[in-house]
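All heavy atoms count here, side chains included; hydrogens, waters and symmetry mates do not.
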Amino acid sequence: MGKNGFRYTLEEKLFYINLVQAESMTAYAIQHQYGVRHSHVTHWVELYQSGGIDALKPQTQNKIYSETFKSKIVQEY
């Protein structure tokens, strides 16, 4: 079944992409059988086709700054 509020692992995404590409399953059939939203599957397939496996990996948006850098910014302010 689908995971409400959870991210899917890279392996899970590749599994569903394989069902679409190799098994010719539709995103709606995957939703019905596995509980994964069809829009997610469609999005993963598009990402995979345009950017490969790297496009499916989580993107880190939060940067971790060192204590030295933080202190320098505070002092400059």
Side-chain angles (χ1 to χ4, degrees):
M1 290 302 268
K3 302 189 224 178
N4 283 335
F6 293 97
R7 293 181 183 233
Y8 292 89
T9 65
L10 179 61
E11 290 77 21
E12 290 172 314
K13 292 175 186 178
L14 291 171
F15 172 76
Y16 297 121
I17 290 168
N18 184 56
L19 290 177
V20 171
Q21 292 183 336
E23 305 293 326
S24 300
M25 244 179 130
T26 66
Y28 285 101
I30 292 171
Q31 178 176 329
H32 180 71
Q33 187 170 349
Y34 295 99
V36 179
R37 289 187 178 194
H38 70 277
S39 58
H40 290 161
V41 176
T42 303
H43 180 68
W44 297 332
V45 170
E46 290 171 356
L47 283 175
Y48 183 74
Q49 289 174 342
S50 66
I53 291 178
D54 289 336
L56 296 172
K57 293 180 181 176
Q59 303 296 317
T60 57
Q61 295 179 355
N62 297 333
K63 295 185 179 190
I64 299 173
Y65 297 105
S66 68
E67 290 296 322
T68 307
F69 179 75
K70 291 178 188 177
S71 296
K72 178 182 173 193
I73 298 301
V74 169
Q75 288 174 359
E76 288 179 7
Y77 179 74

Closest non-hydrogen atom pair, Leu19 against Glu23: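 Scanning both residues, the minimum pair turns out to be O-CB, 3.2 Å.
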
Closest heavy-atom contact between Ala27 and Thr42? CB-OG1, 3.6 Å

What about Phe15 and Ile53, same hydrophobic cluster or not, with Ile/Leu/Val/Met/Phe/Trp/Tyr joined at side-chain heavy-atom distances under 4.5 Å?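 Result: yes, single cluster for both.
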
Let me check something: do Val41 and Tyr28 share a hydrophobic cluster, defined by ILVMFWY side-chain heavy atoms less than 4.5 Å apart, either directly or through other members? no

Inter-residue atom distance [X].[atom1] - [Y].[atom2], 0.5 Å rounding:
| X | Y | atom1 | atom2 | result |
| --- | --- | --- | --- | --- |
| Thr68 | Ile73 | OG1 | CD1 | 11.5 Å |
| Met25 | Asn18 | CE | CG | 11.0 Å |
| Lys13 | His40 | NZ | NE2 | 9.5 Å |
| Arg7 | Glu12 | CZ | CD | 13.0 Å |
| Tyr16 | Arg37 | OH | CZ | 14.0 Å |
| Lys72 | Gln75 | NZ | CD | 10.0 Å |

Stepwise side chain to side chain contact (heavy atoms under 4.5 Å, CB included) check, Tyr8 with Val36: CA-CA 10 Å; Tyr8 292 89; Val36 179; 3.9 Å; yes

With Gln21, which residues qualify under side chain to side chain contact (heavy atoms under 4.5 Å, CB included), at least two apart? Ile17, Val45, Tyr48, Gln49

